[in-house]
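Counting starts at 1 for both ligands and their atoms, in listed order. Being a predicted model, the structure only gives us computed values, none of them experimental.
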Amino acid sequence: MKRPRCDETAAWRELQERFRSSGVSFDLRQAFAHDAQRFAHFSQTAPQVFADLSKNLIDAPTERDLLALARETQLEGYRDAMFAGERINNTEDRAVKHWLLRAPRDAADADSVAVHETLDAMLAFAERVRADAAITDVVNIGIGGSDLGPQMVVAALEAFCSEGKRFHFVSNVDAHELDAVLRRVRPASTLFLVASKTFTTLETMTNARSARAWFEQHGGQDVARHFAALTTNVQAARQFGIATTFGFWDWVGGRYSLWSAIGLPVAIAIGAQGFRELLAGAHAMDRHFRTEPLERNLPVRLGLLDIWYRDFHRFGSRSVAPYHSALRRLPAYLQQLEMESNGKSVDAQGRPVSFGTSPVVWGEPGTNGQHAYFQMLHQGTDRIPVEFIAVREPAHELPGHHELLLANALAQAQALMQGKDDPGGHRHFQGNRPSTFFVLDALTPASLGALIALYEHRVFTSGAVWGIDSFDQWGVELGKVLAGDIAKRFASGDTQGLDASTAGLLRRLGGGGQP
Ligand code: F6P
């Protein structure tokens, strides 16, 4: 669908003017002083997630302009096109339907039956593996979306994981990773899951081949019982020799695939019921995104705020600080979700954009980050919006810790905003540094599902307003092609046609056998 791009709208010009007149000098402390209701005005409840947006550099008129921008760029129509199964991933000519993977059985979509058949089969398999005491180790071999999602969720839901099974995630072609896992497992008690949407990815196929060779060399019997494939390319998996396969569809983007068969490690870890709760949590957020008016629509408000920060304040990054150690892989997961989706410099029609797109997304769990890079967040020369994620109920019973953890999260957000006066001194904190604060009541499959879907739709929102295709990833192709070429040169040492630096480094790294 042809929609106006953000920089072609009247709202964009309005926002430019607003930024010049009041945005640039906006002061959070004054905003709270002038509006006793600011917390109420800028906080919001969505399924499973409470969000306090009040410590952000926005006021009601700015939000109104941002909402006007969303309307002028036809965000709602574009969202509805996604939920109607239109081929909105136009550079790959594909629909975008990861939301269908978590929709109820009776969803009005032609693929719903196949989705639920696969889900039922995959969950039945997961339950069999859970009941099979002889399997003690599950090794997921996959990369990018075929690794980060399941890995993040298995870690996040460790409190719900059944005992008696260990989970390992091997992604890197660097065999130090696979080797370390293979030393800790035995063929007879290991299930390998080869997870790859395409079943062609270099890292995954190399690791899968090595794992199968190791399995056979170490007396492993019955590849069919010890290997399963999670892929859209079932034929290639069969050719590889894997009989147990769970499929999915080209309309599931890699970074949106944890809800599909790619979620099998999660289902084995938390069980079929837990996996269905994860899906239900995400589905509740889908409904919120689909039906709430834009002004009370949390992913929309967040996505618009991201645009305000990136294109008007020109902030280049955003830091995510989960104050729950089980969410330790969330920043890495969000990096792929946001940076692979929105790291584009041409719009969906291939025209160069005149504005900034994806920021750098990064972070570490609190309180660890406080003792590493928070110095820079408080006193560095760049302003970096921080996102705190706190969970009210801990999953442990050790007294005293959780209050300290939460107090630290609150204190950091407060310190970033308030600052401290000591003009010219080393102890001066400028303050007025923005943050968003999310609260989950507890970290459960349902709340995690909702949180992830919230991020997905937020990324959708900013990508839609920017007018880019958030569902392709052509930027990963060039490096892949060049790596193929260089890999061949390692044996021969042939450096012809290479730039001097690459040639020199190839030789230095042993290309052609000559250091
Ligand atoms: O890095 C590019 C990418 O295509 C990601 O989008 C994807 O998640 C990853 O590679 C793995 O791809 P596959 O699941 O096909 O092995």
Side-chain angles (χ1 to χ4, degrees), residues 88-98 101 118 122 139-154 169-174 177-178 192-212 227-240 242 245-266 329-344 357-358 360-361 452 455-456 459-460 463 468-484 487:
I88 63 164
N89 174 359
N90 70 311
T91 73
E92 295 182 319
D93 193 25
R94 287 177 180 165
V96 173
K97 298 205 293 186
H98 48 277
L101 301 166
T118 308
M122 188 262 255
V139 179
N140 189 81
I141 297 178
I143 197 164
S146 301
D147 165 69
L148 290 164
Q151 187 183 160
M152 181 272 284
V153 174
V154 168
F169 290 86
V170 173
S171 53
N172 204 324
V173 75
D174 176 355
E177 203 173 65
L178 177 62
F192 290 95
L193 303 175
V194 183
S196 175
K197 177 177 169 179
T198 54
F199 223 77
T200 57
T201 304
L202 170 101
E203 291 88 340
T204 302
M205 297 325 298
T206 308
N207 281 324
R209 276 192 293 273
S210 296
R212 191 182 53 191
F227 281 79
L230 322 172
T231 184
T232 58
N233 192 354
V234 169
Q235 205 189 347
R238 294 248 160 85
Q239 273 162 12
F240 185 88
I242 299 181
T245 58
F246 296 98
F248 58 109
W249 303 270
D250 72 355
W251 42 259
V252 184
R255 52 196 173 273
Y256 300 87
S257 64
L258 79 91
W259 323 99
S260 72
I262 294 293
L264 181 57
V266 176
R329 295 297 291 160
L330 184 67
Y333 172 80
L334 295 178
Q335 274 173 349
Q336 188 198 13
L337 177 63
E338 187 151 351
M339 295 166 75
E340 199 172 75
S341 296
N342 285 349
K344 313 281 165 68
T357 57
S358 175
V360 177
V361 177
I452 302 168
Y455 274 100
E456 286 179 352
V459 168
F460 177 95
I468 58 182
D469 184 341
S470 299
F471 299 99
D472 62 16
Q473 56 285 317
W474 299 108
V476 302
E477 295 302 322
L478 178 59
K480 283 189 197 173
V481 172
L482 295 182

Which N/O atoms of ligand 1 sit under 3.5 Å from a protein N/O, and at what distances?
residue: ligand 1; atom: 1 (O); partner: E340; partner atom: OE2; Å: 3.3
residue: ligand 1; atom: 6 (O); partner: E340; partner atom: OE1; Å: 2.7
residue: ligand 1; atom: 8 (O); partner: G145; partner atom: N; Å: 2.7
residue: ligand 1; atom: 8 (O); partner: Q336; partner atom: NE2; Å: 3.2
residue: ligand 1; atom: 12 (O); partner: T201; partner atom: OG1; Å: 3.4
residue: ligand 1; atom: 14 (O); partner: S146; partner atom: OG; Å: 2.6
residue: ligand 1; atom: 14 (O); partner: K197; partner atom: N; Å: 2.7
residue: ligand 1; atom: 15 (O); partner: S196; partner atom: OG; Å: 3.4
residue: ligand 1; atom: 15 (O); partner: K197; partner atom: N; Å: 3.3
residue: ligand 1; atom: 15 (O); partner: T198; partner atom: N; Å: 2.9
residue: ligand 1; atom: 15 (O); partner: T198; partner atom: OG1; Å: 2.6
residue: ligand 1; atom: 15 (O); partner: T201; partner atom: OG1; Å: 3.3
residue: ligand 1; atom: 16 (O); partner: S196; partner atom: OG; Å: 2.6
residue: ligand 1; atom: 16 (O); partner: T201; partner atom: OG1; Å: 2.5

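R238 meets the side-chain hydrogen bond (donor to acceptor under 3.5 Å, both in side chains) test with T245; sequence neighbours excluded. Residues passing the ring pair (Phe, Tyr, Trp, His ring centres under 6.0 Å) test with F460, sequence neighbours excluded: Y78, F289. Contacts of F248 classified as ring pair (Phe, Tyr, Trp, His ring centres under 6.0 Å), with partners at least two apart in sequence or in another chain: none.
Of the possible polar contacts, one joining the N89 side chain to the F471 backbone as a donor-acceptor pair under 3.5 Å is found.
R212 forms no cation-pi arrangement with F192, by the criterion of a distance under 6.0 Å to the ring centre and an angle within 45° of the ring axis.
Not less than 6.0 angstrom separates the ring centroid of Y455 from the ring centroid of Y333.
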